[in-house]
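Notes for the one structure printed next.
Chain identifiers are assigned alphabetically (A, B, ...) following the order of the sequence lines, protein sequences preceding nucleic acid strands; residue numbering begins at 1 within each chain.
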2 protein chains.
Amino acid sequence: MKPLSIKDIAKKANVSITTVSFILNGKAEKMRISQEMILKVEKIIQELGFKPNQVARSLRTGTTKTIGLIVEDISNPFFAAIARLIEDKAYKHGYKIIYSSTENDLEKAKGLIRMFKTRQVDGYIIVPVTGLEEEIQDLLNNNTPVVVFDRSLPGLDVNSVLVDCAAGTYAAVESLIKQGKKNIAFVTVDVDVQQIKDRYAGYMNALKDSGIKASKKLHQLIPFSSTPDETAGLLKNFFTKNAEIDAVLFATNYLAVRGLFCFKELNKTLNGDFKVISYDDHDIFKLHSPEISAVDQPIDEIAENVISLILKDLAADHTLEKAPFNQVLLKSRLISR
Amino acid sequence: MKPLSIKDIAKKANVSITTVSFILNGKAEKMRISQEMILKVEKIIQELGFKPNQVARSLRTGTTKTIGLIVEDISNPFFAAIARLIEDKAYKHGYKIIYSSTENDLEKAKGLIRMFKTRQVDGYIIVPVTGLEEEIQDLLNNNTPVVVFDRSLPGLDVNSVLVDCAAGTYAAVESLIKQGKKNIAFVTVDVDVQQIKDRYAGYMNALKDSGIKASKKLHQLIPFSSTPDETAGLLKNFFTKNAEIDAVLFATNYLAVRGLFCFKELNKTLNGDFKVISYDDHDIFKLHSPEISAVDQPIDEIAENVISLILKDLAADHTLEKAPFNQVLLKSRLISR
DNA sequence: TTGAAAGCGCTAACAT
DNA sequence: ATGTTAGCGCTTTCAA
């Protein structure tokens, strides 16, 4: 049972496919097609339940009404929540989302962009990985709308929605220092992007400004590709070896969650003598005993800005001179618990 | 800068576009195109970085290499995890995923199927909502591959991957009874699908088999569309009014999480006198003090089965007689903590 | 006010 | 062994 085509509708209505097309695309008025014709055709479309083939339409118009979403890991609650919001808003504007996770793998990311390109997605929302500069620049050179979020790549002029991470970790460390902490550890992922470096910089600056000397020993790097078990091993080793640590700041929510598992195994009590703060909030931190403080990123605002930037760019007339890029910098918020 | 087309390649290579097409599609051998021709063309394709336009290909072949994924809520960790696994495996087979969340809204679900249809997705992976029977049956009648998971719809013969929920909640309640619990509450969502009913049935049967009389009062329904605050209100009211409750089974992970928030607010101690079990596991339950038991669903197995069923169906020759539907029933596992 | 027809980029039957 | 060409379903220019 082949689906209906515009031809079938035209035949049923005894009109040309042009007329049907105009009516379908709301151009009937402009083309001054008679009201009765419009009603008649619309009735037939209704009755037969005809839906235009979007693939054919895409081939013809060169636009697919699809946005490619490339995140680090869709199963991370942070990205899942944003993806959900983005999808929602895109949907309301007639766009669909095709998503994929890079797992911070450059080759995979490149492959995804390539694949999205062959699918002619109209725009890209990307959580970039280092090394992707050239691919993104290529997209920009072709006037393809791109918005990056969560991280930026140095030297790349592109619409971006970022959070002031340095300020976030600065505030977190500052609060720990005010609580009298002296040996504050920083656990981070080895992803080489500016935002992760910023989180570290915020940590370092807060120490410096308080006259505390930073110690290399208290900075632990966890490879992104580590399995949960490997991460656990690294963390256990780290905290066992450095017993003087009296507070720790985790640079991402999943690392903090791994950390909590680790402390549980080590039977480390998280009382006032040992404070934990996570970058990114999570239900877990609210329910944990004791509750875990967090530097919260404004997920709604991020999604809101990302989608409105991409929609704006999608709607822009790229034959005109290039519009300047928008760089949105949002604030994070320290939730002290 | 217009992207290259097969024509450009043909011109550069001084061959017809047919030759290029055959080479692109690995049909060169079969068409007995000379080895040197193949190499020459492949080299040009390489050098120019030509990628065939998938939209044109789709229009021509009628296949988009895209699978529509329709879940309840992509930001629910359970669905996010499965989505991630499905995406991964689909990707390896050259398929992309377009996803959307129904929020258990029938109209939204219908709209999604309609939209996916216009986009000619090759197959559907659906977490169905009641009332969607007709739409799914339509797809099946058109020989469109469909796999449902997490829930089934009565009277619908379709590939499905389900978990034996009744057994799961039975085991959970049985374990509570063995611990001497007498007033076991059941908190569930008001979604009217078989699997939710099964979870309730397992609860009821476990009570019955132990000679405990079930009480309507101990069965609390939470509308899916409730906001977290509304849910909190309902739960607080429920547990305050029914102080005799000494154990509770939540039918989904997010309800259990809401429950934990509620207990925290009520200062209810979750010691041996008050036990909580969730259907679906979650990191939160492992880290909670005390740890929360859970009926764990085999996420990997679910994803694995879903994807292999859909790929099998996608590869099947639908001109032949219809293959019987596959109904996979997986076991859940009670994790006693 | 409506219709004819070209063409988006590709595949594959048919021709040579 | 390789080329010519029709046509997938639609939009849009041009003509009537």
Side-chain angles (χ1 to χ4, degrees), chain A residues 1-42 44-45 48-66 94 117-122, chain B residues 1-42 44-45 48-66 94 117-122:
Chain A
M1 190 163 45
K2 250 179 83 135
L4 296 167
S5 88
I6 198 170
K7 233 189 232 162
D8 302 312
I9 306 299
K11 203 175 293 169
K12 275 263 192 268
N14 270 315
V15 295
S16 77
I17 58 171
T18 311
T19 308
V20 179
S21 175
F22 285 149
I23 293 173
L24 275 174
N25 293 288
K27 293 188 179 159
E29 305 276 286
K30 202 162 57 190
M31 291 321 206
R32 301 198 277 179
I33 290 175
S34 70
Q35 204 57 36
E36 59 172 345
M37 177 101 286
I38 296 182
L39 276 123
K40 178 179 158 199
V41 173
E42 278 179 343
I44 293 176
I45 290 175
L48 274 58
F50 166 69
K51 294 283 162 195
N53 179 324
Q54 179 63 34
V55 173
R57 196 175 253 181
S58 295
L59 180 60
R60 182 60 233 247
T61 62
T63 135
T64 55
K65 288 284 183 181
T66 305
K117 250 191 216 164
T118 74
R119 288 177 185 258
Q120 322 290 119
V121 304
D122 294 343
Chain B
M1 190 163 45
K2 247 180 84 135
L4 296 167
S5 86
I6 199 170
K7 234 188 233 162
D8 302 310
I9 305 299
K11 203 174 294 170
K12 276 263 193 270
N14 271 315
V15 295
S16 78
I17 57 172
T18 312
T19 308
V20 180
S21 174
F22 284 149
I23 292 173
L24 276 172
N25 294 287
K27 293 189 180 158
E29 305 276 284
K30 203 163 54 190
M31 291 319 205
R32 300 197 278 179
I33 290 174
S34 70
Q35 204 56 37
E36 59 172 343
M37 178 98 284
I38 297 181
L39 283 154
K40 178 177 157 199
V41 173
E42 278 178 344
I44 292 176
I45 290 176
L48 275 57
F50 166 70
K51 294 283 162 196
N53 179 323
Q54 179 63 36
V55 172
R57 197 177 250 180
S58 294
L59 179 60
R60 184 59 236 242
T61 62
T63 136
T64 55
K65 288 283 180 182
T66 305
K117 250 190 217 165
T118 74
R119 292 181 182 254
Q120 324 290 119
V121 304
D122 294 343

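First and last contacting nucleotides of DNA chain C toward chain B (any atom under 4.0 angstrom from a heavy atom, 5' to 3' order): C/dG9 to C/dA13.
Taking a 4.0 Å limit (strictly below) on heavy-atom distances, residues 4-14 of chain B reaches DNA chain C at B/Ser5, B/Ile6. The stretch residues 48-59 of chain B touches DNA chain D through B/Leu59, each having a heavy atom under 4.0 angstrom from the strand.
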Side-chain donor-acceptor pairs of residues 49-59 of chain A under 3.5 Å, sequence neighbours excluded:
from, atom 1, to, atom 2, distance (Å)
A/Asn53, OD1, A/Val55, N, 2.7
A/Asn53, OD1, A/Ala56, N, 3.0
A/Gln54, NE2, A/Ser58, OG, 3.4
A/Ser58, OG, A/Gln54, O, 2.8
A/Ser58, OG, A/Thr63, O, 3.2

Side chains of residues 7-18 of chain B: which donor-acceptor pairs under 3.5 Å do they make with residues two or more places apart or in other chains?
from, atom 1, to, atom 2, distance (Å)
B/Asp8, OD2, B/Ser5, N, 2.7
B/Ser16, OG, B/Thr18, N, 3.2
B/Ser16, OG, B/Thr19, N, 3.4
B/Ser16, OG, B/Thr19, OG1, 3.3

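With sequence neighbours left out, B/Gln35 forms a side-chain contact (heavy atoms from CB on, under 4.5 Å) with B/Glu29, B/Ile38, B/Leu39. Legend: residues meeting side chain to side chain donor-acceptor pair (under 3.5 Å) with B/Arg60, ordered by chain and number and at least two apart, are absent.
Annotation: the terminal axes of the helix from C/dT1-D/dA16 to C/dT16-D/dA1 meet at 50°, where each axis is the rotation carrying the C1' atoms of four end pairs onto the next four (5 pairs per end, rounded to 10°).
Interatomic distance, A/Leu4 CG to A/Ile44 CD1, rounded to the nearest 0.5 Å: 11.5 Å.
Nearest heavy-atom pair, A/Val121 versus A/Thr64, reported as atom, atom and distance to 0.1 Å: CA-OG1, 3.5 Å. For B/Thr66 against A/Arg119, the heavy-atom pair with the smallest separation is OG1-NH1, 2.7 Å.
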Between the protein and nucleotides 12-16 of chain D, list the N/O to N/O atom pairs that are separated by less than 3.5 angstrom.
from, atom 1, to, atom 2, distance (Å)
D/dT12, OP2, A/Lys27, NZ, 2.6
D/dT12, O4, A/Thr18, OG1, 3.4

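In this structure, the CD1 atom of B/Ile33 is 10 Å from the P atom of D/dA1, given to the nearest Å.
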